[in-house]
A.B. asks: 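Below: one structure in structure tokens.
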Amino acid sequence: MLDINRIRENTDEVIRGLAKRNFTADFSHVIMLDDKRKALTFESENLKAQKNKVSADIPMKKKNQEDVSELLAEMKVIADKTKEIEIELNNVKKEIQEFLEVLPNIPADDVQQGGPEENKVVSVYGKKPEFSFVPKDHVTLCETLNLIDYKRGVKIGGNGFWVYTGIGAIVEWALLNYFVEEHLKDGYEFLLPPHILTYECGYTAGQFPKFQDDVFKLKEEENKGYTQFILPTAETALVNYHRDEILKEEELPKKYFAYTPCYRKEAGSYRAEERGMIRGHQFNKIEMFQYTTPENSDAALDELVDKAVRLMDGLGLHFRLSKLAAGDCSHSMAKTLDIEVWIPSMGIYKEVSSASNAKDYQARRGNIRFKREQSGKNEYLHTLNASGLATSRILPAIVEQFQNEDGSITIPEVLRKWIGKDMIKIEKK
RNA sequence: GGAGAGAUGGUCGAGUUGGUUUAAGGCACCGGUCUUGAAAACCGGCGUAGGGGCGACCCUACCCUGGGUUCGAAUCCCAGUCUCUCCGCCA
């Protein structure tokens, strides 16, 4: 949510910012509405003040046996007039709200204008694997090594689902263990949140009302407009953890991480080359999250990116770090960096982590503040999130990048203590 | 799922036969006096949001949420949410 006062006072700056994500906005109408809101508020409050004054006189006059019928009539007129103005005022407020709540965040100053084609690779890690044989794709490898059962996944869950089997499940779980261990080392608090969330959670995160169709809605009761949904990312749960709270400045930054599967409709985004585990309706992810003061959020984003990079580096994979252009950042985010892993069979890099600074955008929607010690004032804090990491694309990357000529897979060193072996080989039957 | 009780400012808690309570009071917290220092005592301050005024200030709203009755609602009515106790069911 953008601040109406920021829009009023720095209109051109806001317009220029949104233009970077190819979003054109005309604020003249909403500013006019806000003027109207102020005028109506003033009028309504004056009437209420008058009402309160007369209302205090009535019991006194009654006590003195005076006639109050004239006052009652006067009050009736004031009450009717107030009601009229209140209705108009509520309509104006609603219209302002509806306009503001669908505006995207303003990109940070150092974020490039344009769409995905303007994304910039910041750095590249590891060496692109070269094979002296014809490498297989992860679908083939996972099937021959019995890591994943695609057929039965579709049978029991429908299109877009798979089943981790045997050693495949163990590797997937080892990745999660590795990430959990690293986050604990860095002093992040581990949370396991509900997977079913209320509408308010989606609103605060910025998914609702505009992007409702991306999630699986669970319950939609008639005439209530109230929906529970299955979370598309743990971020949605974590940003709501402190919703409607005022934190102490000294307890910031708050650093959390959570493990949840992520459930997404991915309606219409299926592409033929994305078979296997590149895009499903459910994938595992560990999410990092921070609540910080505004002045510390840039540094916090650097920290999150660095953590994600270190996790990838620890696995020994070839990947790159990209800075997204304004138009490719999601709705709620001011700045985003993606970590993309090399998938040899596809010849492209696919996102395994997205690290973003939402600044005060989500905090405004969720009314999340902190008390500034020096001034005693409440201010909106900044929220940041980063995957750390999404495992379901890492497993295919490991399988493809670390495959050997005989069809076996070399297991990354850091995972071996959970898997109990250093190679995955074809089982003789 | 059934029955009952409840929800008031950071916390505890009064007010709930509608109007002289402008939400009392205690605690916590902050500042001051006193003290070598501390404690105690005393004095003062102490919520959030919106609006008006150059300003000292002033006004409005908020007693779980949303409606309603009334000239007037923390208080009455309706709907909902949540919490607690008991019963049932159940990892």
Side-chain angles (χ1 to χ4, degrees), chain A residues 1-9 30-101 192-204 208 218-229 240-252 360 363-381:
Chain A
M1 184 86 82
L2 302 185
D3 181 6
I4 181 72
N5 290 321
R6 185 174 176 190
I7 291 173
R8 292 186 72 108
E9 286 156 27
V30 79
I31 289 173
M32 183 274 285
L33 284 173
D34 197 49
D35 287 338
K36 200 168 167 189
R37 178 186 65 82
K38 287 189 187 190
L40 287 169
T41 301
F42 186 66
E43 199 177 345
S44 150
E45 287 183 357
N46 282 341
L47 284 169
K48 283 179 190 164
Q50 205 180 331
K51 181 199 82 176
N52 289 342
K53 221 172 159 213
V54 178
S55 194
D57 288 344
I58 290 176
M60 302 231 284
K61 298 214 167 178
K62 263 189 177 172
K63 206 165 205 177
N64 299 337
Q65 309 282 321
E66 289 178 51
D67 179 34
V68 294
S69 56
E70 209 170 292
L71 282 181
L72 292 186
E74 187 188 334
M75 290 283 279
K76 177 80 178 153
V77 172
I78 295 174
D80 289 346
K81 180 77 182 157
T82 306
K83 205 163 209 173
E84 221 172 273
I85 292 169
E86 287 279 299
I87 290 170
E88 200 183 346
L89 180 58
N90 284 335
N91 287 338
V92 169
K93 280 182 180 171
K94 199 171 154 215
E95 206 179 325
I96 293 171
Q97 172 75 10
E98 282 169 357
F99 178 84
L100 292 179
E101 71 188 7
L192 290 170
H195 298 182
I196 294 172
L197 302 175
T198 60
Y199 181 91
E200 289 85 343
C201 292
Y203 182 85
T204 298
F208 297 162
L218 257 194
K219 192 169 80 180
E220 205 160 4
E221 288 175 34
E222 278 178 58
N223 306 323
K224 277 183 75 183
Y226 180 78
T227 309
Q228 279 181 312
F229 63 101
N240 282 277
Y241 191 61
H242 289 298
R243 190 183 68 219
D244 291 320
E245 291 183 24
I246 299 167
L247 302 177
K248 295 192 188 100
E249 184 176 357
E250 65 196 39
E251 59 185 337
L252 297 178
D360 65 357
R364 282 181 184 280
R365 296 175 82 92
N367 196 27
I368 317 166
R369 295 168 295 171
F370 74 100
K371 192 171 283 291
R372 178 76 74 181
E373 222 156 301
Q374 205 175 4
S375 62
K377 296 277 181 222
N378 296 331
E379 290 179 34
Y380 290 107
L381 44 71

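Numbered from 1 within each chain, the chains take letters A, B, ... in sequence-line order.
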A.B. asks: Once you round to the nearest 0.5 Å, how far does CG of A:Leu33 lie from CZ of A:Phe99?
C.D. replies: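 A:Leu33 CG to A:Phe99 CZ: 9.0 Å, rounded to 0.5 Å.
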A.B. asks: Could you work out, with side chain to side chain contact (heavy atoms under 4.5 Å, CB included) as the rule, every residue matching A:Asp34, not counting sequence neighbours?
C.D. replies: A:Ile4, A:Arg8, A:Arg37, A:Lys38, A:Ile96
A.B. asks: With A:Glu86, which residues qualify under side chain to side chain contact (heavy atoms under 4.5 Å, CB included), at least two apart?
C.D. replies: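 If we apply the side chain to side chain contact (heavy atoms under 4.5 Å, CB included) test to A:Glu86, skipping adjacent residues, the hits are A:Ser44, A:Lys48, A:Thr82, A:Leu89.
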A.B. asks: Residues of residues 71-86 of chain A with any non-hydrogen atom less than 4.0 angstrom from an atom of RNA chain B: list those, numerically ordered, please.
C.D. replies: A:Leu72, A:Met75, A:Lys76, A:Ala79, A:Lys83
A.B. asks: Could you state the atom-to-atom distance from CZ of A:Phe370 to C1' of B:U48 in whole Å?
C.D. replies: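 Checked: the CZ to C1' distance equals 17 Å.
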A.B. asks: Hey, what do you get for CD (A:Glu249) to CD (A:Glu373), rounding to the nearest 0.5 Å?
C.D. replies: 5.5 Å
A.B. asks: Please name all residues satisfying side chain to side chain contact (heavy atoms under 4.5 Å, CB included) with A:Asp244, sequence neighbours left out, ordered by chain then number.
C.D. replies: A:Asn367
A.B. asks: Starting at CD1 of A:Ile96 and ending at C1' of B:G50, how long is that distance when rounded to a whole Å?
C.D. replies: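 Going from CD1 in A:Ile96 over to C1' in B:G50 covers 12 Å.
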A.B. asks: Check salt bridge (charged side-chain N to carboxylate O under 4.0 Å, His left out) between A:Glu251 and all other residues, then give those that pass, not counting sequence neighbours.
C.D. replies: A:Lys254
A.B. asks: Rounded off to whole Å, could you give me the CG-to-C1' distance for the A:Leu40 and B:G52 pair?
C.D. replies: 15 Å
A.B. asks: Any base atoms under 4.0 Å from A:Lys377, or only sugar-phosphate, or nothing? Heavy atoms, all strands.
C.D. replies: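 It contacts nothing in the nucleic acid.
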A.B. asks: For nucleotides B:U11 and B:G68, find the distance between their C1' atoms and express it as a whole number of Å.
C.D. replies: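 Rounded to whole Å, the distance is 34 Å.
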A.B. asks: Please report the distance, rounded to the nearest Å, between CD1 in A:Ile58 and P in B:G18.
C.D. replies: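 Result: 16 Å.
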A.B. asks: Give me the distance, rounded to whole Å, that separates B:G18 from B:C77 when you measure between the C1' atoms they each carry.
C.D. replies: 13 Å
A.B. asks: Distance between the P atoms of B:C89 and B:C12, in whole angstroms?
C.D. replies: 35 Å
A.B. asks: By nearest heavy atom, map A:Asn5 and A:Ser55 onto RNA chain B; which one lands nearer the 5' end?
C.D. replies: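 The answer here is A:Ser55.
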A.B. asks: A:Asn90 or A:Phe42: which one's nearest nucleotide on RNA chain B is closer to the 5' end?
C.D. replies: A:Phe42
A.B. asks: Given B:C71, B:U48, B:G50, identify the nucleotide with an atom nearest to the side chain of A:Arg37.
C.D. replies: B:G50
A.B. asks: Figure out the CZ/P separation between A:Arg8 and B:G51, and round it to whole Å.
C.D. replies: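 Atom CZ in A:Arg8 sits about 9 Å away from atom P in B:G51.
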A.B. asks: Restricting to side chain to side chain donor-acceptor pair (under 3.5 Å), what partner residues turn up for A:Ser69, sequence neighbours left out?
C.D. replies: A:Asp67
A.B. asks: Would you say a side-chain N or O of A:Arg369 is under 4.0 Å from OP1 or OP2 of B:G47?
C.D. replies: no
A.B. asks: Over how many whole Å does the gap from A:Ile4 atom CD1 to B:G51 atom C1' extend?
C.D. replies: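 In whole Å, B:G51 C1' lies 15 Å from A:Ile4 CD1.
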A.B. asks: Ignoring backbone atoms, test whether A:Lys371 places a side-chain nitrogen or oxygen under 4.0 Å from the OP1 or OP2 oxygen of B:C30.
C.D. replies: no
A.B. asks: For B:A73 versus B:U21, give the span between their C1' atoms, rounded off to a whole number of Å.
C.D. replies: 14 Å
A.B. asks: Given B:G50, B:G52, B:A49, which nucleotide is nearest the side-chain atoms of A:Lys38?
C.D. replies: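 From the listed options, B:G52 comes nearest.
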A.B. asks: Tell me, please, which residues at least two apart from A:Asn240 pass side chain to side chain donor-acceptor pair (under 3.5 Å).
C.D. replies: A:Thr204, A:Arg243
A.B. asks: Distance between the P atoms of B:U75 and B:U70, in whole angstroms?
C.D. replies: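 To the nearest whole Å, 16 Å.
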A.B. asks: For the P atoms, the ones on B:U85 and on B:U69, what distance do you get once it is rounded to whole angstrom?
C.D. replies: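 The same atom, P, in both gives a distance of 38 Å.
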A.B. asks: A:Lys36: which residues meet the side chain to side chain donor-acceptor pair (under 3.5 Å) condition with it, sequence neighbours left out?
C.D. replies: none
A.B. asks: Which residues pass the side chain to side chain donor-acceptor pair (under 3.5 Å) test with A:Asn378, sequence neighbours left out?
C.D. replies: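 By the side chain to side chain donor-acceptor pair (under 3.5 Å) rule, A:Asn378 matches A:Lys371.
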A.B. asks: Go through the structure and list residues passing side chain to side chain contact (heavy atoms under 4.5 Å, CB included) with A:Glu101, not counting sequence neighbours.
C.D. replies: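 Result, side chain to side chain contact (heavy atoms under 4.5 Å, CB included) vs A:Glu101: A:Met1, A:Gln97, A:Glu98, A:Tyr203, A:Pro209, A:Arg365.
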A.B. asks: Measuring only the P atom in each nucleotide, how far is B:C59 from B:C76? A whole number of Å is fine.
C.D. replies: 29 Å
A.B. asks: List the protein contact pattern of nucleotides 56-62 of chain B with one symbol per nucleotide (5' to 3'): B for base contact, S for sugar-phosphate-only contact, - for none; contact means a heavy-atom distance under 4.0 Å.
C.D. replies: ---BBS-
A.B. asks: Rounding to the closest angstrom, what is the interatomic distance between B:C64 and B:U16 at atom P?
C.D. replies: 16 Å
A.B. asks: Distance check needed: B:G10 P versus A:Asn378 CG, whole Å only.
C.D. replies: 10 Å
A.B. asks: For RNA chain B, what are the stems built from at least three Watson-Crick or G-U pairs in a row, each pair having both distances below 3.5 Å?
C.D. replies: B:1-7 with B:81-87, B:10-12 with B:25-27, B:29-33 with B:41-45, B:47-52 with B:57-62, B:64-68 with B:76-80
A.B. asks: Looking only at heavy atoms, which two atoms of A:Phe370 and A:Leu381 are closest? And how far apart?
C.D. replies: CD2-CB, 3.8 Å
A.B. asks: Going from CG on A:Leu2 to CG on A:Asp360, what distance comes out if it is rounded to the nearest 0.5 angstrom?
C.D. replies: 8.5 Å
A.B. asks: What integer distance in Å separates A:Lys93:NZ from B:G50:C1'?
C.D. replies: 8 Å
